[in-house]
Amino acid sequence: MDKLFNKVQFFIFRGKVYSLKNKNQKHRIMKVLFVSSGNRKQGLNPIIHLQALSLEKVGVEIEHFLIFGNGFWGYFKNVLRLRKHLNENQFDLVHAHFGFSCVVAQIAKGKSPLVVTLMGTDMLGHKNEDGTISFKNRLVLWINHYFGNHLYESAIVMNEKMKGVLSKRKKPTYILSNGVDTELFFEVPKREALEFLGWESGVHHFIFISNPQRPEKNFALANDAVEFLKREGYQVRLHAVFQEKSENLKYYYSAATALVLSSFHEGSPNVIKEAFCCNCPIVSTDVGDVAITTSGLSGCFITTYEVSEFADSLKKAINFSTEYGRISGRQRIQEMEFDSQTVALKIKKIYQDKIE
């Protein structure tokens, strides 16, 4: 009898058609497979981990499938493994994150609905320290562009520039930056933050929160600008913060005179939203959506790739910090709906639209 009931999709009563399927599915928990790189020594990418946790809080069940291997062939060795996993398990939808993880998911997905999130570098390219892109990375970029423009069913991108790269798409493209956990990132008293980090109180501390060895992050510019200030007699120090626990980052943002971002390209950098949460001033190149998200917010300075001009913006941040202290960053998070729960609900809506 149960088998017969499950096969019935509708019934007719007094000339009207009533659906059983929609009624039964309405309260069923959606199950989604996250596909992403597993190559990080620290484990799952913290941005993807946060997104999974926030989606689970709004009623989506998440399972992770990690892709191991480097380079083109290293990633594509995972196609059969992913296809086997999808055949042996039931998911409502696959959500792949970043570059070749999305390509692998597209090839392996079979009939499973697919949503991809493209983060920035995968659409804009890995740049060298001089701002150029190597032949190998141009090939990678071409593959990502081809799949992005012609094959992915639903794509989430970080900003308008990325959407412009996908101008040939005829399928849904959503601009939706990653959310930030406002309970994890918040301002603590500066003295407490300085003591926790063991930093001097009479120095202006600038933080660079990324791997300084990644050429596209352009650490050299931030470092040269700080050295420029030192030669002019400023008591300043630049801290490259990498592989720090997420729960400790609030101390860095709270102790810093400003966050510095000197990248050649970004999507919608999470460090900006983390700085907002901690009311930390910002000095950044005009990259990704930073100029848009910081527009009109006192204590945020958009600058160029010239060392002297970057250094001038650091001086402005010092003057702002001395006179005003902190920015109204948490208010900006609310205004732009960057909190992780709001973003999770928007992603869930994309899932629902895709499945229906």
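Heavy-atom basis, side chains included; hydrogens, waters and symmetry copies ignored. Throughout, residue positions are numbered sequentially from 1 according to the sequence presented.
The closest donor-acceptor contact from the side chain of D122 to the backbone of M119 lies under 3.5 Å. Judged purely by atom type and a 3.5 angstrom limit, R169 uses its side chain to pair as donor or acceptor with the backbone of P172. With hydrogens and angles disregarded, no donor-acceptor distance shorter than 3.5 Å links the side chain of R330 to the backbone of N279. Put simply, the side chain of T304 gets close to the backbone of E306: a donor and an acceptor are under 3.5 Å apart. Side chain of T285 to main chain of S263: a donor-acceptor pair is present (N/O by atom type, distance under 3.5 Å, no hydrogens or angles). Of the possible polar contacts, one joining the N159 side chain to the G267 backbone as a donor-acceptor pair under 3.5 Å is found. For the pair R191 (side chain) and S201 (backbone), a donor-acceptor distance under 3.5 Å is absent. Judged by distance alone, the side chain of E56 and the main-chain N or O of E61 form no donor-acceptor pair under 3.5 Å.
Remark: E227 does not engage R231 in a salt bridge, criterion side-chain N to carboxylate O under 4.0 Å. Salt-bridge check for K349 with D353: passed, with a basic side-chain N closer than 4.0 Å to an acidic carboxylate O. E187 has a carboxylate O that lies under 4.0 Å from a charged side-chain N of R326, or vice versa, which qualifies the two as a salt bridge. Taking 4.0 Å as the cut-off between side-chain N and carboxylate O, E200 and R237 count as a salt-bridged pair. We find that E266 and K217 are joined by a salt bridge, their nearest charged nitrogen and carboxylate oxygen being less than 4.0 Å apart.
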| task | Tell me, with the steps shown, if V236 and I318 meet side-chain contact (heavy atoms from CB on, under 4.5 Å). | result | CA-CA 10 Å; V236 292; I318 290 172; 3.9 Å; yes
| task | Determine, stepwise, if the pair H85 / N89 fulfils side-chain contact (heavy atoms from CB on, under 4.5 Å). | result | CA-CA 6 Å; H85 187 74; N89 299 274; 3.4 Å; yes
| message | Before you tell me yes or no, could you show the steps for Y174 and K163 under side-chain contact (heavy atoms from CB on, under 4.5 Å), namely the whole-Å CA-CA distance, both residues' side-chain angles and the distance that decides it to 0.1 Å? | response | CA-CA 8 Å; Y174 307 89; K163 187 174 182 179; over 6 Å; no
| request: Please report the C-alpha distance between T173 and V157 in whole Å, then the side-chain angles of each, then the deciding distance to 0.1 Å, and finally whether the side-chain contact (heavy atoms from CB on, under 4.5 Å) criterion is met. | output: CA-CA 7 Å; T173 306; V157 297; 4.1 Å; yes
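For the residue pair Q51 and N178, a side-chain donor N or O sits within less than 3.5 Å of a side-chain acceptor on the partner. One side chain, D289 or S268, offers a donor N or O that lies under 3.5 Å from an acceptor on the other. Side-chain contact of Q235 with H205: a donor-acceptor pair under 3.5 Å is absent, judged by distance alone. A side-chain N or O of R81 and one of N78 form a donor-acceptor pair less than 3.5 Å apart. At a cut-off of 3.5 Å, with distance as the only test, no side-chain donor of N319 or T322 sits close to an acceptor on the other residue.
Classified by interplanar angle (parallel below 30°, tilted 30° to 60°, perpendicular above 60°), the ring pair H150/Y146 is tilted. The aromatic rings of H97 and H95 sit parallel to each other, their planes meeting at less than 30°, with 60° as the upper class boundary. Using cut-offs of 30° and 60° on the angle between ring planes, the pair F147 and Y152 is tilted.
Crowding of K77 atom NZ: a count of heavy atoms from other residues, nucleotides or ligands under 6.0 Å not exceeding 12. In H49, the NE2 atom is not crowded: 12 or fewer heavy atoms of neighbouring residues, nucleotides or ligands sit closer than 6.0 Å. Within a 6.0 Å radius of NZ in K315, more than 12 heavy atoms belonging to other residues, nucleotides or ligands are found. Around atom NZ of K171, more than 12 heavy atoms belonging to other residues, nucleotides or ligands sit under 6.0 Å away. Within a 6.0 Å radius of CZ in F68, other residues, nucleotides and ligands contribute more than 12 heavy atoms. Annotation: Q90, atom CD; neighbour count of heavy atoms from other residues, nucleotides and ligands within 6.0 Å does not exceed 12. Other residues, nucleotides and ligands contribute at most 12 non-hydrogen atoms within 6.0 Å of the CD atom of E183.
Looking only at side-chain heavy atoms (C-beta outward), V271 and S210 stay at 4.5 Å or farther from each other. Looking at heavy atoms from C-beta onward, K109 lies in side-chain contact with E153 at the 4.5 angstrom threshold. M158 is not listed as a side-chain neighbour of L118, based on a closest heavy-atom distance of 4.5 Å or more. Annotation: side chain of F91 is not in contact with side chain of M30 (no heavy-atom distance under 4.5 Å). Side-chain atoms of F276 and I327, non-hydrogen and from C-beta on, do get closer than 4.5 Å to each other. Side-chain contact between I272 and T293: present, with at least one pair of heavy atoms (C-beta onward) separated by less than 4.5 Å. Side-chain contact between V290 and L261 is present, with heavy atoms from C-beta onward closer than 4.5 Å. Between N144 and F100, some side-chain heavy-atom pair lies under the 4.5 Å cut-off.
Neither I47 nor L53 shares a network with the other; the hydrophobic side chains, linked directly or stepwise wherever heavy atoms of I, L, V, M, F, W or Y lie under 4.5 Å apart, form separate groups for each. Both Y324 and L314 sit in one connected hydrophobic cluster of ILVMFWY residues. Membership requires side-chain heavy atoms under 4.5 Å apart, directly or through other members. I175 is not connected to I292 by any chain of hydrophobic side-chain contacts under 4.5 Å among Ile, Leu, Val, Met, Phe, Trp and Tyr, and they are in different clusters.
Considering CG of N218 and CZ of F310, their distance stands at 8.5 Å, rounded to 0.5 Å. We find the CG-OG distance between L93 and S154 to be 8.0 Å, quoted to the nearest 0.5 Å. To the nearest 0.5 Å, the span separating OG on S246 from CG on N248 amounts to 9.0 Å. Rounding to the nearest 0.5 Å gives a distance of 10.5 Å between OG of S254 and CG of L249. The CG atom of L33 sits 6.5 Å away from the CG atom of L82 when rounded to the nearest 0.5 Å. Interatomic distance, L184 CG to K245 NZ, rounded to the nearest 0.5 Å: 12.5 Å.
Of the listed residues (F186, F196, F185), just one forms a ring-ring contact (aromatic ring centres under 6.0 Å, His included) with Y251, and that residue is F196.
Here F228 and Y234 keep their ring centres 6.0 angstrom or further from each other. Ring centroids of F208 and F219 are separated by less than 6.0 Å, placing the two rings close together.
Shown here for L44 and S36, the closest heavy-atom pair between the two residues is CD1-OG, 3.6 Å. The heavy-atom pair separating N270 from G179 by the smallest distance is ND2-O, 3.5 Å. In plain terms, the two heavy atoms of V35 and S101 that are nearest each other are CG1-O, 4.0 Å. D286 approaches A291 most closely through the heavy-atom pair OD1-CB, 3.5 Å. Minimum interatomic distance between S177 and F338 (heavy atoms only, all atoms of both residues): OG-CE2, 3.3 Å.
Every residue two or more places apart in sequence or in another chain that forms a salt bridge (charged side-chain N to carboxylate O under 4.0 Å, His left out) with R332 is listed here: E335.
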